[in-house]
Amino acid sequence: MTLANTLACAQQLDNDDPLAGYRDKFFHPVIDGEQVLYFTGNSLGLQPKAAKDYLQVELDDWATWGVEGHFHGRNPWVSYHELLTPASAELVGAQQSEVVCMNSLTTNLHLLFVSFYRPTKQRFKIISEAKMFPSDRYLLETQVKHHGFEPDEAIIEVSPREGEFTIREQDILAAINEHSDELALVFFGGVNYFTGQLFDMKALTAAAHNVGALAGFDLAHAVGNVPLKLHEWQVDFAAWCTYKYLNGSAGNVGGIFVHDKHGQDTSIPRFGGWWGHNKERRFLMENTFEPMSGAEGWQLSNVPIMGMAVLKSSLDIFQQAGIEALREKSVKLTAFLQLVFNDVVRKFDNIQLQIITPTTPEARGCQLSVKLIGTDKRFFNALTKAGVITDFREPDVVRLAPVPLYNSFEDVYQFGQRLTSLLEELHGEY
Ligand SMILES: *Cc1c(COP(=O)(O)O)cnc(C)c1O
């Protein structure tokens with residue numbers, strides 16, 4: 001069917017959507033007595049209605065068993081993290097031995113850098129995208145300094161060309177080749193948080209390996225958004241958070257991927273803790289650290305059960321829905337948002353709102369980033385007041401992320417209606 005910015009079209013798309021029923025499995029925020037349009041799953045996903053029940057099981061087992069819950073609970077806590085592994089592995093395209101949920105994102109990246117950024121005088125450079133998420137940038141800066149290098153020399157940032165917003169893959173490949181002999185690592189966000197650009201992780205990994213470097217990715221904006229095939233792509237390592245598209249709740253435990261080509265080698269240097277120790281011998285309280293094989297060998301501490309229980313309630317939904325089906329819907333939903341958005345804004349000429357995210361589905365996930373021209377943060381504030389929850393990133397970008405699990409095509413249509421009223425009100429004001 002041809003897409004049009006009409007209620008009838010949106011409703012038809014919802015009728016034809018096999019995943020439409022998942023919307024009801026989440027709580028949709030009601031602010032000032034009105035259910036808002038929530039397009040911020042890229043920042044904090046919504047709460048699965050089942051989360052309470054999953055949590056209640058663990059609270060009850062704690063009440064019933066105390067410490068014995070580690071072994072006698074319905075989901076024994078000593079191995080609770082293993083329950084999250086199958087779904088996590090599916091989401092990132094990994095063998096189960098290659099993933100584990102632990103700690104949080106920035107912490108995990110530092111731990112992975114201990115193993116996979118081991119610079120030498122000759123090979124010490126890291127290639128990344130310009131305008132990384134600040135935490136990732138601080139990671140790179142402090143890691144290179146920790147090893148005695150200067151950030152200005154060691155961190156090579158690839159930027160969009162003059163007048164462009166997204167980075168051309170050929171420019172990344174050129175940078176990799178230019179620095180080849182000195183390159184230790186290619187480290188990118190799978191999807192850039194600011195522009196929503198999806199990078200070709202397979203191509204970047206191959207290019208890194210081709211010059212003798214490793215490739216790692218921050219998947220904060222990619223996991224649960226686009227299907228990934230980390231194992232097949234030969235990615236060396238990756239990490240993600242679970243509170244964005246994975247709806248794990250604010251600040252919850254993150255996940256890591258270590259390719260088996262490294263994970264099975266227990267001699268790889270790393271920082272150790274008892275949860276990464278040979279699990280048959282973990283409680284023998286021996287002195288010498290003997291890491292488990294696979295990603296689990298990077299664990300340090302026993303795990304936060306309550307957070308993991310909440311995360312499991314969402315991962316179970318992902319397993320049911322399937323990331324491929326979600327992506328299929330997501331491509332349509334984001335295309336519909338692009339159409340509705342452009343249809344609305346072309347009627348107004350004093351405020352320009354420009355989508356800076358790539359327009360082809362292969363180069364983006366669900367997020368559209370909109371650059372504000374001729375207006376500023378006041379526009380974002382007005383949008384929030386009109387009941388549309390998005391987010392603003394300095395200096396001038398509003399990010400909209402229609403999430404296939406819980407956003408409908410009608411949500412997108414209603415967004416267009418609210419945007420129209422808003423722009424009519426603002427007309428002439430700025
Ligand atoms: C959300 C996000 C983070 C947040 O890191 P935490 O350690 O979870 O606070 C880091 N990097 C990127 C790219 C992000 O999108």
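Just so you know, ligand 1 is whichever comes first in the structure, and atom 1 is the first atom listed for that ligand.
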Would you say the side chain of V100 lies within less than 4.5 Å of the side chain of H81, judging by non-hydrogen atoms? yes
Mind checking ring pair (Phe, Tyr, Trp, His ring centres under 6.0 Å) for H70 and listing every partner two or more places apart, or none if nothing turns up? W77
Please report whether the ring centroid of F39 lies less than 6.0 Å from that of F415. yes
Side chain K261, main chain Q234, donor-acceptor under 3.5 Å: yes
Under a 4.0 Å threshold between the charged nitrogen and the carboxylate oxygen, would D411 count as salt-bridged to R23? yes
Do V36 and V30 have side-chain heavy atoms sitting under 4.5 Å apart? no
Residue contacts for ligand 1, heavy atom to ligand atom, distance under 4.0 Å: L105, T106, F133, D136, D218, A220, H221, Y243, K244
